[in-house]
Amino acid sequence: MTIAIARISDAPLDAAAHLAAVEQPWVGAVTSFIGTVRAQDPEAAGPVVALEYSAHPDAEATLHNIAMSAIGDRRAIVAVSHRVGRLAVGDAAVVIAVGTAHRGDAFTICRDVIEEIKRSLPVWKKQWTDDGEALWKGIGG
């Protein structure tokens, strides 16, 4: 099992770089997930115009551990990043690429990584709406 990328970054995320990072001769299946900022949220009073992410200093180590745990004892390679800072609608907030020998493991690991990120990665977001209102959301939110 290998973690090619486990990064918290204030720079735009590059999905192609994540896909390239999981290319290996033994890989027969690659899955990916890109989580983007959307303009609608049922909890928001109006259209969302931006998200502002902040992370605990241990977030990158936690992200690495999340990926390792999702892999378990399977042969896989994972590249995962979460962005911090202010993001506009359409910007990528999370990028995950998983390479495995077979598709079943690739899908499972990718899903497990994003679900655990949502549950336990110490990253918080402030959601801005078009009327200037802000709503903080924490881990799991």
Side-chain angles (χ1 to χ4, degrees), residues 1-44 46-141:
M1 61 183 153
T2 303
I3 307 303
I5 299 169
R7 185 178 305 137
I8 303 294
S9 176
D10 62 358
L13 303 181
D14 183 348
H18 285 71
L19 291 170
V22 301
E23 290 179 4
Q24 296 292 322
W26 57 269
V27 168
V30 174
T31 58
S32 62
F33 173 83
I34 301 171
T36 59
V37 178
R38 64 180 185 258
Q40 300 297 322
D41 182 336
E43 296 177 21
V48 174
V49 296
L51 295 179
E52 188 174 337
Y53 287 97
S54 57
H56 187 277
D58 293 337
E60 198 163 89
T62 301
L63 190 59
H64 184 273
N65 292 339
I66 287 169
M68 291 292 288
S69 180
I71 292 171
D73 61 0
R74 295 172 283 217
R75 187 174 189 198
I77 184 166
V78 174
V80 56
S81 295
H82 197 298
R83 187 145 171 224
V84 293
R86 190 172 178 100
L87 285 69
V89 171
D91 287 346
V94 178
V95 173
I96 304 167
V98 177
T100 63
H102 303 284
R103 70 182 175 271
D105 284 342
F107 279 115
T108 298
I109 292 167
C110 192
R111 181 177 201 75
D112 289 351
V113 169
I114 190 58
E115 295 302 335
E116 193 58 33
I117 284 172
K118 294 298 286 181
R119 274 191 296 273
S120 65
L121 186 66
V123 169
W124 299 267
K125 67 181 175 184
K126 190 174 190 179
Q127 181 173 267
W128 296 92
T129 55
D130 67 346
D131 62 2
E133 292 293 316
L135 173 66
W136 276 99
K137 293 187 171 192
I139 296 173

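Note: hydrogens, waters and symmetry copies are ignored here, and every other heavy atom, side chains too, is used.
In this structure, L121 and I66 have side chains that are in contact, with non-hydrogen atoms separated by less than 4.5 Å. The side-chain heavy atoms of V94 and I117, taken from C-beta on, include a pair separated by under 4.5 Å. Residues R83 and D91 have side chains in contact (heavy-atom distance under 4.5 Å, counting atoms from C-beta outward).
Distance alone, capped at 3.5 Å, places no donor-acceptor pair between the R75 side chain and the I71 backbone. At distances below 3.5 Å, at least one donor-acceptor pair connects side-chain atoms of T62 with backbone N or O atoms of D58.
Taking each heavy atom of L87 and A92 in turn, the nearest pair found is CD2-O, 3.5 Å. What you find for A15 and I34 is that their closest heavy atoms are CB-CD1, 3.7 Å. Residues A21 and I77 come closest through the heavy atom pair O-CD1, 3.4 Å.
Counting only residues at least two apart or in different chains, ring-ring contact (aromatic ring centres under 6.0 Å, His included) contacts with residues 52-106 comprise Y53-H82. Within the structure, salt bridge (charged side-chain N to carboxylate O under 4.0 Å, His left out) pairs that include any residue of residues 8-24 do not occur (at least two apart or interchain).
Taken from CG in N65 to CD in E116, the straight-line distance is 10.5 Å, to the nearest 0.5 Å.
For the side chain to side chain contact (heavy atoms under 4.5 Å, CB included) test, residues two or more places apart in sequence or in another chain that qualify with A29 are T100, R103, A106. Taking the side chain to side chain donor-acceptor pair (under 3.5 Å) definition, one finds that Q127 meets it with D41, sequence neighbours left out. The side chain to side chain donor-acceptor pair (under 3.5 Å) test applied to H18 returns S81, not counting sequence neighbours. Among residues two or more places apart in sequence or in another chain, the side chain to side chain contact (heavy atoms under 4.5 Å, CB included) test is passed with S32 by L19. The side chain to side chain donor-acceptor pair (under 3.5 Å) search around T129 returns D131, not counting sequence neighbours. For S9, the side chain to side chain contact (heavy atoms under 4.5 Å, CB included) partners two or more places apart in sequence, or in a different chain, are R7, A11, L13. Applying the side chain to side chain contact (heavy atoms under 4.5 Å, CB included) rule to A55 yields the partners I8, A59, V84, V123; only residues at least two apart in sequence or on another chain are considered. Scored by the salt bridge (charged side-chain N to carboxylate O under 4.0 Å, His left out) test, E60 finds no partners at all (sequence neighbours excluded).
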Side chain to side chain contact (heavy atoms under 4.5 Å, CB included) between E52 and W128, intermediate numbers included: CA-CA 8 Å; E52 188 174 337; W128 296 92; 3.5 Å; yes
V78 and V22: CA distance, side-chain angles, deciding distance, side chain to side chain contact (heavy atoms under 4.5 Å, CB included) verdict: CA-CA 6 Å; V78 174; V22 301; 5.7 Å; no
Return a table of donor-acceptor pairs under 3.5 angstrom between the side chains of residues 108-115 and protein atoms on other chains or two or more places apart.
unit_1	atom_1	unit_2	atom_2	d
T108	OG1	G104	O	3.0

